[in-house]
Structures are given as structure tokens and as C-alpha cells.
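So the structure is just underneath, and the comments pick up after that.
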Amino acid sequence: MSGTSSSSVLVFFWCAAAICCFIFGLTGVTEAQAPSTQPSQAPTSQPQATTDPSEVIALNSIFQHWGIEANAEQWNTTGDPCSGAAIDSTEFDNSDYNPFIKCDCSENVTCHITHLKVYGLEVVGVIPDELWTLSFLSQLNLGLNYLSGPLSSSIGNLTRMQYMSLGINALSGELPNELGKLTDLVAISIGTNYFSGPLPSELGNLSKLQQLYIDSSGVSGEIPLTFANLQSLQTLWASDVELSGSIPDFIGSWLNLTSLRFEGNSFEGPIPSALSKLTSLIELRITDISTTNGSSSLGFIKNMKSLTSLVLRNNNISDSIPSNIGEYQKLSLLDLSFNNLTGQIPPSLFNLSSLSILFLGNNKLNGTLPEKKSSSLLNVDVSYNNLIGSIPSWVNETNLQLNLVANNFTLDSSNSR
Ligand SMILES: *[C@@H]1O[C@H](CO)[C@@H](O)[C@H](O)[C@H]1NC(C)=O
Ligand SMILES: *[C@@H]1O[C@H](CO)[C@@H](O)[C@H](O)[C@H]1NC(C)=O
Ligand SMILES: *[C@@H]1O[C@H](CO)[C@@H](O)[C@H](O)[C@H]1NC(C)=O
Ligand SMILES: *[C@@H]1O[C@H](CO)[C@@H](O)[C@H](O)[C@H]1NC(C)=O
Ligand SMILES: *[C@@H]1O[C@H](CO)[C@@H](O)[C@H](O)[C@H]1NC(C)=O
Ligand SMILES: *[C@@H]1O[C@H](CO)[C@@H](O)[C@H](O)[C@H]1NC(C)=O
Ligand SMILES: *[C@@H]1O[C@H](CO)[C@@H](O)[C@H](O)[C@H]1NC(C)=O
Ligand SMILES: *[C@@H]1O[C@H](CO)[C@@H](O)[C@H](O)[C@H]1NC(C)=O
Ligand SMILES: *[C@@H]1O[C@H](CO)[C@@H](O)[C@H](O)[C@H]1NC(C)=O
Ligand SMILES: *[C@@H]1O[C@H](CO)[C@@H](O)[C@H](O)[C@H]1NC(C)=O
Ligand SMILES: *[C@@H]1O[C@H](CO)[C@@H](O)[C@H](O)[C@H]1NC(C)=O
Ligand SMILES: *[C@@H]1O[C@H](CO)[C@@H](O)[C@H](O)[C@H]1NC(C)=O
């Protein structure tokens, strides 16, 4: 089905975007200082700081496994990895250097590898165990490669880890419980992989976690109760994974949440009204909820006035469109299609100054189409409803994509098209 394939293409790009966040979105990274710029405290001249020998061996071995090498003009200029751009002010995320490392040489004469990037280098194979010995790593980006095999439980040794991206690879097996030991984690991306089994309840120990990307990762099962502790979460992307059970009420207590994506999961409805406390949400996407236990209402969105994207497609929502929808001034995408919406379309909805995409198809909306439409609104689908009346004059606007089929409009001479 074309709809399915286009949505998986979209998922791919969301995950790619998540990785880009890691590469381009990080700030406040403490740059390692070159030892030559440090004031020498010892009376005798300080020797050149060099990389911890065990880390050199590990890094060389990892790169050898993966068939990659440092660009010698950028770093590893002396044969010692913590050199050149790895220890100067070159930024880890914003530089094109790839593969790349950053080091911390501040302690005595030994440098430690703190950052490692091997992003989109078509690396094939397993993650060598030596990686889990680089215990000073705080940032790791292995996204967009062909890495396969399971994640070792030794990942739990990297307790300084803050930003970790393993997204868009071919990793498999269950997620190790030891991920819960990485209690400094701020962001983790494992999306688009072949993992299996549940989300470890130990992940609930990651109280500093702000971003969790698990789209299309292969995990399944219920969201562990321990996730109630993830109070710092700002972003949770969990689309196209077989998460089941009900959407937990405790998500309503993640008050800093700005982006939530639960599309194409195996959740049973209804959508909990506790989500109404998430007033910081900018993006909310919940689709394809099965609702044998009863239908959802739209009441929970009533205070989410910061939303720019609201997608609640195919959730068997039995309600009318809120009459205060005109207060959602930032809304640019609204998709409420494939529900059981009744009543009329509030004219204020077509008047929202930021709204550009509006999908209301396959509901039971009645009444007429609003006579006025904002100029920003250029993609409208109200097909398969019970709309009546004449077709408004704005339908002939250039660049407007409009689907009106399967309604009960009356055609008069002024709108023969
Ligand atoms: C660093 O350079 C040395 C000497 O040229 C080389 O043996 C080693 O593999 C390089 N390490 C990396 C990580 O590229
Ligand atoms: C660094 O030097 C300090 C003071 O000389 C010493 O106490 C400490 O053990 C050294 N650390 C390492 C890792 O060598
Ligand atoms: C991780 O730490 C455990 C316990 O200290 C140790 O037994 C194991 O060898 C470590 N793994 C690696 C890859 O260093
Ligand atoms: C981590 O989580 C597990 C399971 O949720 C729990 O039993 C354990 O006590 C937690 N560990 C720490 C250090 O909080
Ligand atoms: C939520 O965000 C606020 C404002 O940025 C911050 O002060 C607070 O610590 C955050 N809460 C948690 C649990 O992270
Ligand atoms: C749905 O109803 C069944 C049977 O009453 C119950 O076991 C299940 O927990 C309910 N699911 C949700 C999501 O409420
Ligand atoms: C929608 O919800 C109603 C309860 O309001 C339920 O009877 C019906 O089976 C649901 N439909 C679907 C497709 O889940
Ligand atoms: C749709 O909503 C109407 C009115 O709320 C209700 O009577 C009907 O049962 C709902 N249909 C389904 C399939 O949920
Ligand atoms: C449409 O929006 C304009 C400006 O945002 C406002 O003045 C007007 O009252 C609105 N009309 C309706 C029907 O909401
Ligand atoms: C629209 O449907 C509702 C019931 O859902 C009904 O009360 C109302 O009269 C209908 N309005 C029009 C204009 O048909
Ligand atoms: C659209 O149609 C109306 C009459 O229904 C007409 O007044 C208006 O000029 C047309 N606009 C365009 C862009 O064709
Ligand atoms: C459409 O309109 C016609 C004429 O007004 C009416 O007979 C018919 O029942 C309507 N169909 C629906 C699905 O509302």
C-alpha cells in the first residue's frame, strides 16, 4: 500500500533528523584543552600529554575492525589519537571531521577519549568489545551505518555517557538492562534497528534523560511502570514499534514534554485524559489506537495551546471539534482524519493564521464549509463526511489542494467546478 511505504520513508527521515540533532544540536560541549596552552605548574617543563595507551589500542583496534582510519591531517597527526583537531577548539558536532574523536587532556599528562563519531561511513559488522572499554566517552555517534549483532551488556561500563546515537543500523537482540546504568544520559537514539523484546525497566533509572528516540527500533511490549521516573523527558519518538497495553497515565506527569510521537503502535485506547497536563507540547502525534474498550474524546487537548502539529488520526475519537480551536494560533498541521467526529466545522479553524495542512476526512462532520479561509491554509481534506451546502468561493484559489469527495454538497452555477 502506498500509504504504508510513504509513512516508513517519513519515519526514516525522522530518525535521520534525530541523529542530526545529535550532530548539530548539541551545545555546551566542553572542549578539551591542548596541554601546550595550559599554564605549566610544574617547575620543570611538562611533557607532551599523550593518550591513555589502553585507549589507543582500543581505538586502533575498533577502527581496524571497521576498516576506517583517522584523516591524518585532522587528528592522529603524530600517531597519537589525542592530537590535532581532537584536542584543539574544533567542535565535535559542527565539524565535518568524520570519523572524529575529542579528548580530555586536563588531568596530568594523560588524555582520555571523550567523544567518538563514526557517522554514515557505511561501516559493516558488529560493535567490537573494545568500544565498551573507552570508559571516558560522554558522546558517541555511530548512526547511519550497517552495524549488526546485539548490544553488549558491557555498554553499562560507559557510565559517563550523555549523548548516544546508534540509530539507523542493523543492530539486533534485546536491549541490555545495563543501559539503565548510564545515569548521565541526556539523549539516546536507537531508532531504525532490528532490536527485539521489551524496553528494559532499568531505563526508568535515567532520570536526566531528555530525548528518547526508539522509532522503528523493533522493541515491543508495554511501557514499563518505571518510566514514570523519566520526568526530564522532552522528546519521545516511539512510532512504528509494537508498544502495547494502554498509554500510561504517568506520561501526563512528564511536564517538560514538548514532542510525543506514538504512531502505528499496538496501544489500546482510550487516550488518557491525564495527557491534558502536557501544556508544553509543541508536537503531538498519536495514531491507530485500537479502541475496543471505548472511544476517546478530544477534551485532553484543551490546554495545549503551544501545539504546532497535532495528529490524532484513526483513534475512533467520538467528539466534536473544540469550539475554541481558534485559540490554537500556532497550529500549522492538524490531522483528525479517520475518527468519529460529529458536529460542525468551527469557522475559526479555517481562519487560523498558521494552519497550512488540515485533514478531517472520514468522520461524521455535518453542516457547511466555512465561507472564509486563511491564505496559509493550502491543503484541505474533508472527504467522507456529511457536509452540505454550497461550495465556498475560495475553492478556486491557486495552489490549494482540496479533497471534497463523498459529501453532500449542492452544486450551483457559481461553482460548476
Ligand atoms: C593513528 O596513526 C597511527 C600511525 O600512523 C596508525 O597506526 C593508527 O592506526 C592511527 N589510528 C587511527 C585511529 O586512525
Ligand atoms: C594527577 O596528579 C595528581 C597530583 O599529582 C595525583 O594525585 C593524581 O593521582 C594524578 N592522576 C592521575 C590519573 O595520574
Ligand atoms: C565492564 O565492566 C565489567 C565489570 O567491571 C567487566 O567485568 C567487563 O570486562 C567490562 N567490559 C569491558 C568490555 O571492558
Ligand atoms: C534501576 O532500575 C531497577 C529496575 O527498575 C531497579 O531495581 C534498581 O534498583 C535501579 N537501580 C538504581 C541504581 O537506581
Ligand atoms: C523542566 O524544565 C524546567 C525549565 O527548563 C527546568 O527548570 C526543570 O528542571 C525541568 N524539570 C525536569 C524534571 O527536568
Ligand atoms: C481493556 O479491557 C480489558 C478487559 O476489561 C482489560 O483487561 C484491559 O486492561 C483494558 N485495556 C485498557 C487499555 O484499558
Ligand atoms: C469505537 O468506539 C466504540 C465505543 O464508543 C466501540 O463500540 C467501537 O467498537 C470502536 N470502533 C473501533 C473501530 O475500534
Ligand atoms: C460515533 O459517535 C456517535 C455520537 O457520539 C455515537 O453514537 C456512535 O456510537 C459512535 N460510533 C462509533 C463507531 O464509535
Ligand atoms: C479571523 O482572524 C482574524 C485575525 O486573526 C480575526 O480578526 C477574525 O475575528 C477571525 N474570524 C473568525 C470568524 O474567527
Ligand atoms: C449535525 O449533527 C448533529 C448530531 O451529531 C445534529 O445535532 C445537528 O443538528 C446536525 N447539524 C446539521 C446542520 O445537520
Ligand atoms: C474564484 O471564483 C470567484 C467566483 O466564485 C471569483 O470571483 C474569483 O475571481 C475567482 N478567483 C480566482 C483566483 O479564480
Ligand atoms: C444528501 O442530500 C440529499 C438531498 O438533500 C438527501 O436526500 C440525502 O439523504 C443526503 N445524503 C446524506 C448522506 O446526507
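All values below were derived from every heavy atom in this structure, side-chain atoms included, with hydrogens, water molecules and symmetry-related copies excluded. As the structure lists them, so they are numbered: ligands from 1, and atoms in each ligand from 1.
For ligand 1 and Glu69, the ligand atoms under 4.0 Å from any heavy atom of the residue are 14 (O). Interface atoms of ligand 4 facing Thr226, defined by a heavy-atom separation under 4.0 Å, are 5 (O). Below 4.0 Å from some heavy atom of Glu202 lie the following atoms of ligand 4, by number and element: 2 (O), 3 (C).
Distances from atom 9 (O) of ligand 5 to the protein include no heavy-atom value under 4.0 Å. For atom 4 (C) of ligand 5, the protein comes within 4.0 Å by no heavy atom at all.
Residue contacts with ligand 4 include Ser201, since one of its heavy atoms falls under 4.0 Å from the ligand.
Of all non-hydrogen atoms in Ser152 and Trp132, the two that sit nearest each other are CB-NE1, 3.4 Å.
Dense packing is recorded around CD of Gln231, with more than 12 heavy atoms of other residues, nucleotides or ligands lying under 6.0 Å away.
Screening Gln234, Glu283, Gln211, Arg285 for a side chain to side chain donor-acceptor pair (under 3.5 Å) involving Ser259 leaves a single residue, Glu283.
Nearest protein neighbour of atom 2 (O) of ligand 1, counting heavy atoms only, is Asn76 ND2, 2.4 Å. The protein heavy atom nearest to atom 13 (C) of ligand 5 is Gln231 O, 3.4 Å. The protein heavy atom nearest to atom 6 (C) of ligand 4 is Asn205 ND2, 4.4 Å. Looking at atom 7 (O) of ligand 1, its nearest protein heavy atom turns out to be Asn60 ND2, 4.8 Å. The protein heavy-atom contact nearest to atom 14 (O) of ligand 1 is Ala70 N, 3.0 Å.
Taking any N or O of Asn256, backbone or side chain, at least one lies under 3.5 Å from an N or O belonging to ligand 5.
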**OP:** Give the C-alpha distance, both sets of side-chain angles, the deciding distance and a yes or no for disulfide bond (SG atoms under 2.5 Å apart) between Cys105 and Cys82.
**Re:** CA-CA 8 Å; Cys105 301; Cys82 293; 5.1 Å; no

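Asn265 places a side-chain N or O within 3.5 Å of a backbone atom of Val241 that can act as its donor or acceptor partner.
Ion pair Lys208/Asp184 flagged as a salt bridge, since at least one NZ, NE, NH1 or NH2 atom sits closer than 4.0 Å to an Asp/Glu carboxylate oxygen.
In this model, a donor atom of one side chain and an acceptor atom of the other lie less than 3.5 Å apart for Asn314 and Asp288. In this structure, a donor-acceptor pair under 3.5 Å is absent between the side chains of Asn157 and Ser135.
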